[in-house]
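Here is the structure we will look at.
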Amino acid sequence: MLAERGPDAKVVAGGTDLVPQMKNGMLRARCVVDLSGVSQLRQLAAANGSGLRIGAAVTARTLERDPGVLKTYPAIAESGALVGSVQVRNLATLGGNLCNAAPSADMAPPLLALDAEAVIAGPKGSRRVPMASFFLGVRRTVLARDEVLVEIHVPHPGPHSGGNYRRHTPRRELDIAVVGVASQLTLSSGVCTKARIALAAVAPTPLRATAAEHVLEGHRVTPELIERAATAAIEAARPISDQRGSADFRRHLVRVLTHRTLTTALARASA
Ligand SMILES: Cc1cc2nc3c(=O)[nH]c(=O)nc-3n(C[C@H](O)[C@H](O)[C@H](O)COP(=O)(O)OP(=O)(O)OC[C@H]3O[C@@H](n4cnc5c(N)ncnc54)[C@H](O)[C@@H]3O)c2cc1C
């Protein structure tokens, strides 16, 4: 259908982004292809070997409540729990959040921090794309017009690994992130072997704060080192000023939220 209809056709999953965009004239579609009946896209399962496969149409509410996600991938559950309200989360899908490609998309940073991959399918077959390369710009992804996102593969973080996602919003609910930060730390004998920090709402796309990750890797993680990494994370941010906050305020939030998420990630990795 997508290949035949070209730009006239749009995919809909939960509709919580698409329907408001059609109503306010931001987007026009003559034909809407509904994915909500495709049961394979709603599967949430252990991957072959290890890790997690999350179907594109799995809802934020499912991710927020799934015991396996809460235990091993808490940052994913935390990001799902922050989307909209319960009513919105019962419709909102992971695939919709990623394919809508808002800079503030809450469910993207934990997937970048976990080195997840997108599985994409179209008439020419299927391909895998690292989440870090999935976003091209504001509301732009690597998906061609005739492709759909099928699922997300999340590698198992391994033992002694912990993650956390937090965001700042002026309102507690039904608001979008002024800044969002996900951190994931893996330890071996108390030394950080892998650090991942991903930021939302501070650039056209969600992105990794690699300089901050390098501050942590190969070292014992102390409160002082966390502070240094939090300050280094600011380097990755290219924020704008808008009605939700100035660029300077966003840089300040990057430091504060990186500090908080690393502190929680460290506690979880050490537990
Ligand atoms: C009141 C309200 C509050 C919200 N709060 C938040 C929030 O706090 N945080 C946040 O991040 N978002 C928020 N959102 C935005 C939205 O709920 C999420 O982005 C949601 O995850 C979108 O999922 P969906 O299934 O509803 O997407 P849809 O609206 O169905 O689709 C969104 C876009 O993705 C495309 N698409 C969907 N699935 C696929 C697929 N499998 N393959 C290819 N393309 C696909 C569609 O064509 C469309 O362009 C909010 C929205 C509302 C209305």
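Order of listing sets the numbers, starting from 1, for every ligand and every atom in it.
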Practice prompt. Report the part of L27 (side chain from C-beta onward, or backbone N, CA, C, O) that has a heavy atom under 4.0 Å from ligand 1; answer both or neither where that applies.
Written response: neither
Item to complete: Mark up the atoms of ligand 1 that fall under 4.0 Å of a heavy atom belonging to L174, in ascending order.
Response: 1 (C), 3 (C)
Worksheet item: With side chains defined as the heavy atoms from C-beta onward, is the minimum distance between R30 and K10 less than 4.5 Å?
Response: no
Fill in: ligand 1 N/O within reach of K10 N/O, cut-off under 3.5 Å
no
Worksheet item: Which ligand 1 atoms are under 4.0 Å away from a heavy-atom of V148?
Response: 42 (N), 43 (C)
Discussion item. For ligand 1 and V11, I'd like to know whether there is a polar contact (N/O to N/O, distance under 3.5 Å).
Written reply: yes
Worksheet item: Looking at ligand 1, does any of its N/O atoms fall within less than 3.5 Å of an N/O of A56?
Response: no
Worksheet, complete the sentence: the protein heavy atom lying closest to atom 27 (O) of ligand 1 turns out to be G96 CA, 3.4 Å
Discussion item. Side chain or backbone, does L149 bring an N or O within less than 3.5 Å of an N or O on ligand 1?
Written reply: yes
Worksheet item: Mind checking whether M1 and C31 have side chains closer than 4.5 Å, heavy atoms only?
Response: yes
Fill in: Proximal atoms of ligand 1 relative to L82 (non-hydrogen, under 4.0 Å)
8 (O)
Fill in: Exercise: do T261 and T264 side chains pair donor with acceptor under 3.5 Å
no
Practice prompt. Run the numbers for me: atoms of ligand 1, each under 4.0 Å from some heavy atom of V88, listed by number.
Written response: 1 (C), 2 (C), 17 (O)
Worksheet entry | Derivation of the side-chain contact (heavy atoms from CB on, under 4.5 Å) call for V256 and T258 | CA-CA 6 Å; V256 171; T258 303; over 6 Å; no
Worksheet item: Relative to the heavy atoms of V12, which atoms of ligand 1 are at a distance of less than 4.0 Å?
Response: 30 (O)
Item to complete: Of the side chain and backbone of D106, name the one, both, or neither that has a heavy atom under 4.0 Å from an atom of ligand 1.
Response: both
Worksheet item: Which bit of R167 is near ligand 1, meaning a heavy atom under 4.0 Å away: side chain, backbone, both or neither?
Response: side chain
Item to complete: Provide the number and element of each atom of ligand 1 under 4.0 Å from a heavy atom of D175.
Response: 8 (O)
Fill in: ligand 1 versus L94: contacting region, heavy-atom distance under 4.0 Å
neither
Fill in: Numbering as shown, the atoms of ligand 1 that approach L143 to under 4.0 Å (heavy-atom distance)
43 (C)
Practice prompt. Check whether any N or O atom of L18, backbone or side chain, sits under 3.5 Å from an N or O atom of ligand 1, and answer yes or no.
Written response: yes
Worksheet item: Going by the atom numbers of ligand 1, which of them fall below 4.0 Å from some non-hydrogen atom of A13?
Response: 25 (O), 30 (O), 38 (N)
Worksheet entry | Contact check, A105 vs ligand 1, heavy-atom distance below 4.0 Å | yes
Worksheet item: Looking at R255 and E227, does any basic side-chain N land under 4.0 Å from a carboxylate oxygen?
Response: yes
Discussion item. With side-chain contact (heavy atoms from CB on, under 4.5 Å) as the criterion, how do R127 and V119 come out once you've worked through the C-alpha distance, each side chain's angles and the decisive distance to 0.1 Å?
Written reply: CA-CA 6 Å; R127 60 189 178 116; V119 180; over 6 Å; no
